[in-house]
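FYI, side chains are in, hydrogens and waters are out, and symmetry mates aren't considered; it's all heavy atoms of this structure. Read the numbers this way: they start at 1 and go in the same order the structure lists the ligands and their atoms. The structure displayed is predicted, hence computed values, not measured ones.
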Amino acid sequence: MTAISQVIGRQILDSRGNPSVEVDVVLADGSSGRAAVPSGASTGANEAVELRDGDPRRFHGRGVSNAVAAVNGEVADAVTGLDAEEQALIDTTMIDLDGTKEKGRLGANAILGVSLAVAKAAAAAHRQPLYRYVGGAGARLLPVPMMNIINGGAHADNPLDFQEFMIAPVGAPTFSEAVRMGSEVFHTLRRELAGAGHSTNVGDEGGFAPDFADADEALTFVVRAIEKSGYRPGTDLAVCLDPASSEFFHDGAYVYAGEKRTRAVDEHIDYLLELAGRYPITSIEDPMAEDDFTGWKRLTARAGDRLQLVGDDVFCTDADRLTSGIEERYANAILVKVNQIGTLTETLRTVETAHRAGYRVVMSHRSGETEDTTIADLAVATGCGQIKTGSLSRSDRTAKYNQLLRIEEELGRTARYAGAV
Ligand SMILES: C=C(OP(=O)(O)O)C(=O)O
Ligand SMILES: [Mg+2]
């Protein structure tokens, strides 16, 4: 009954207006699942390959007709007839069919679309929500959201060197209260920005993108918005950063183009720790560049006991890369992005590897997103306790918050919020 009878790939648009892949998987019993694939801008060098046409006549070379053709051709041929409950077998079949380490022949965008659509179809066949099908009876932990309220770096056209300034409602009693608190701060921030004569235009992830000179100015506004909303910075809402440092690491130093100054590795570390001392910062993602292993180790040794240090580009959701970090003692948490690795099975293995080692996990969107909400379910399924999915505006971001609100409602009294446990 759960045999795959049809696999349909198509081209859709993502939130930046770029083509992306969407897949429908239909089973013999008529159940179906649909998944859309996201796309990054500040991508890690070791991410699985997102196959693009490279033909300038097709969407300026950003088209995905080759990846769509792979879904409808080779991948459909290989997985049709397999049992959708056999997620690991299906994912392994696609990995073997591709034959490359980085999924560059068929495209990680093709493979991921099928992988996630298979899981959703199987969940539908079981008449279960995705979080329960993947996570089992114990899946009832709602994540603390890291809400991105100021955008810079590769996600905005402003001079801010750091990519993301986020708030995490750690003191909320429930997920729905967390969303309400975050939305209040977001709107207070808009008012404060407008009052100070700043632009309230938004960046790729829906956070504001004013022409701030540096991180200090952004953090001052963030903390003021928390306070003016009636909350205690650090207690009710903590501050989290993603400088996306790989983007401005050149020739062994951190080049802050917006600030027009360069910091050596240790100066960059000192600066981050100084900011963390002056503001209620609890988590920094990609504080160091993906290839600055010395910097990563130094920062982890200095602050890993008190700050969450999240590896994004440095791990690329790859269990083997994460294992190197665990063995060599850098980072203490990992950002998990399904399209960095390309299948659900590998994603779950990475989460498990992290949890076994006591590394924390943050489920994450990409800067190019769609209305797909799979990561909301995966955050609950894995019980990872944190999700990063953008601002409180833009429907590509609110879709995930809204899905988590539905899950919370469905769980009713049994739902737990990670900030409150
Ligand atoms: C979400 C991020 O951005 P992108 O999708 O552009 O890599 C990130 O760097 O964490
Ligand atoms: Mg990042």
Side-chain angles (χ1 to χ4, degrees), residues 14-18 20 36-50 52 62 108-109 112 143 145-158 160-166 168 202-207 209 215 240-249 254 272 281 283-292 296 299 308-318 321-322 325 331-342 347 350 360-370 372 374-376 378-379 384 386-391 394 396-397 399-401:
D14 74 12
S15 56
R16 274 192 283 251
N18 290 321
S20 192
V37 178
S39 174
S42 61
T43 46
N46 296 298
E47 295 195 13
V49 172
E50 177 185 85
R52 296 274 169 192
R62 304 269 307 150
N109 40 355
L112 179 68
M146 287 181 178
M147 299 153 155
N148 182 346
I149 57 174
I150 293 181
N151 286 195
H155 295 168
D157 293 324
N158 59 8
L160 259 184
D161 296 304
F162 288 4
Q163 183 179 283
E164 300 172 28
F165 296 78
M166 297 169 280
V202 298
D204 284 352
E205 298 185 349
C240 308
L241 297 179
D242 178 8
S245 301
S246 310
E247 294 290 309
F248 56 99
F249 186 60
Y254 291 88
L272 291 175
I281 295 169
S283 176
I284 310 181
E285 177 187 327
D286 282 359
M288 313 307 293
E290 59 196 335
D291 47 352
D292 182 11
W296 262 111
L299 174 62
Q308 177 170 272
L309 301 170
V310 188
D312 172 9
D313 291 352
V314 74
F315 295 141
C316 287
T317 313
D318 182 317
R321 287 183 187 282
L322 171 62
N332 55 25
I334 179 172
L335 198 79
V336 167
K337 293 166 161 169
V338 282
N339 79 324
Q340 276 184 331
I341 191 68
T347 303
T350 299
R360 308 190 80 184
V361 172
V362 183
M363 196 60 61
S364 174
H365 67 160
R366 298 308 305 246
S367 50
E369 265 295 335
T370 70
D372 185 284
T374 306
I375 60 164
L378 293 186
C384 67
Q386 297 177 80
I387 190 168
K388 167 172 118 156
T389 189
S391 85
R394 291 188 61 134
D396 38 308
R397 314 296 147 180
K400 281 71 165 175
Y401 294 123

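Scanning the protein heavy atoms around atom 3 (O) of ligand 1, the nearest turns out to be H155 CE1, 3.1 Å. In terms of protein heavy-atom proximity, atom 9 (O) of ligand 1 is closest to Q163 NE2, 3.0 Å.
The only option from N46, T347, D312, D313 that meets the side chain to side chain donor-acceptor pair (under 3.5 Å) definition with Q340 turns out to be D312.
Atom CG of N151 and atom CE of M166 lie 10.0 Å apart (nearest 0.5 Å). To the nearest 0.5 Å, atom CD1 of residue I387 and atom CE of residue M146 are 11.0 Å apart. Expressed to the nearest 0.5 Å, how far OG of S15 lies from CG of D204 amounts to 7.0 Å.
In this structure, D242 pairs ionically with K388, as a charged nitrogen and a carboxylate oxygen lie closer than 4.0 Å. A salt bridge is absent between E369 and R16; no separation between the charged side-chain nitrogens and carboxylate oxygens falls under 4.0 Å.
Residue contacts with ligand 1 include S42, since one or more of its heavy atoms lies under 4.0 Å from the ligand.
Between I334 and V310, every side-chain heavy-atom pair lies at or beyond the 4.5 Å cut-off. Y254 has its side chain within reach of D292: a pair of non-hydrogen atoms, C-beta onward, lies under 4.5 Å apart.
Taking distance alone, with nitrogen or oxygen atoms compared against 3.5 Å, K388 approaches ligand 1 more closely than that limit. Among the atoms of A41, some N or O lies under 3.5 angstrom from an N or O of ligand 1.
With a heavy-atom cut-off of 4.0 Å, D242 touches ligand 1 through its side chain alone. With a 4.0 Å heavy-atom cut-off, ligand 1 is reached by the backbone of S367 and by its side chain too. When non-hydrogen atoms are compared, ligand 1 lies under 4.0 Å from neither the backbone nor the side chain of D313.
Residue D242 counts as close to the Mg ion (ligand 2), with an N, O or S atom under 2.8 Å. Metal site remark for the Mg ion (ligand 2): E164 contributes no N, O or S atom at a distance under 2.8 Å.
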Q308 and Q386: side-chain hydrogen bond (donor to acceptor under 3.5 Å, both in side chains), yes or no, with the steps?
CA-CA 12 Å; Q308 177 170 272; Q386 297 177 80; 2.9 Å; yes
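When you scan the N, O or S atoms of E285 for the one nearest the Mg ion (ligand 2), you land on OE2. Within D312, the N, O or S atom lying nearest to the Mg ion (ligand 2) carries the name OD2.
Selection from M146, K337, E205, R366 by nearest heavy atom to atom 8 (C) of ligand 1 gives K337.
Residue L335 approaches ligand 1 through these ligand atoms, each under 4.0 Å from one of its heavy atoms: 10 (O). Below 4.0 Å from some heavy atom of G40 lie the following atoms of ligand 1, by number and element: 4 (P), 5 (O), 6 (O). Each of the following atoms of ligand 1 lies closer than 4.0 Å to a heavy atom of E285: 8 (C), 10 (O). Near E164, the atoms of ligand 1 lying under 4.0 angstrom from a non-hydrogen atom of the residue are 1 (C), 2 (C), 8 (C), 9 (O), 10 (O). Interface of H365 with ligand 1, defined as ligand atoms under 4.0 Å from a residue heavy atom, comprises 1 (C). Here is the list of ligand 1 atoms found below 4.0 Å of a heavy atom in D312: 8 (C), 9 (O), 10 (O).
In this structure, a donor-acceptor pair under 3.5 Å is present between the side chains of E205 and N148.
Counted within 6.0 Å of CZ on R394, heavy atoms from surrounding residues, nucleotides or ligands total more than 12; the atom is thus considered enclosed.
Judged by distance alone, with hydrogens and angles left aside, the side-chain atoms of T317 form a donor-acceptor pair with the main-chain N or O of K337 at under 3.5 Å.
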